[in-house]
Amino acid sequence: MHFVRIGKKTLNLDTVSYCEAQIWQDDMSLKVIFAGSSNNTPLVFTGADAKELWKYLDYVAEKPT
């Protein structure tokens with residue numbers, strides 16, 4: 001399992017199925033959708049938390065296996 005702590009929330013990145021970023025001027029929001037969840041409600045990050053999570057996801061995606 002791959003856990004990451006962003007702000008007050010802890011995410012298991014193994015269960016993330018999709019991320020959608022909305023960036024405008026100096027602000028950002030990030031919508032995270034999980035696989036296998038009983039409801040389809042996404043988790044939304046805004047501001048500094050969104051930027052921090054997006055930077056981490058970009059780092060993990062670029063890292064060779």
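All residue numbers in this chain count up from 1 along the given sequence.
Hydrophobic clustering (ILVMFWY, side-chain heavy atoms < 4.5 Å, transitive): Ile6 and Ile23 are in one cluster. Put simply, Met28 and Val4 are part of the same group of oily side chains (I, L, V, M, F, W, Y) that touch within less than 4.5 Å, one to the next. Put simply, Val44 and Leu11 are part of two different groups of oily side chains (I, L, V, M, F, W, Y) that touch within less than 4.5 Å, one to the next.
Of all heavy-atom pairs between Phe45 and Ala50, the closest is O-CB, 3.6 Å. Between Gly7 and Asp49, the closest heavy-atom pair is CA-OD1, 3.9 Å. In terms of heavy atoms, Pro42 sits closest to Lys31 at CB-CG, 3.4 Å.
The distance from the OG1 atom of Thr46 to the NZ atom of Lys51 is 10.5 Å, given to the nearest 0.5 Å. To the nearest 0.5 Å, atom CG of residue Leu43 and atom CG of residue Leu30 are 9.0 Å apart.
Within the structure, side chain to side chain donor-acceptor pair (under 3.5 Å) pairs that include any residue of residues 9-19 comprise Arg5-Thr10 (at least two apart or interchain).
Scored by the side-chain contact (heavy atoms from CB on, under 4.5 Å) test, Val16 finds Leu13, Cys19, Val32, Phe34 as partners (sequence neighbours excluded). Glu20 meets the side-chain hydrogen bond (donor to acceptor under 3.5 Å, both in side chains) test with Gln22; sequence neighbours excluded.
Tyr59 OH: 12 or fewer foreign heavy atoms inside a 6.0 Å radius.
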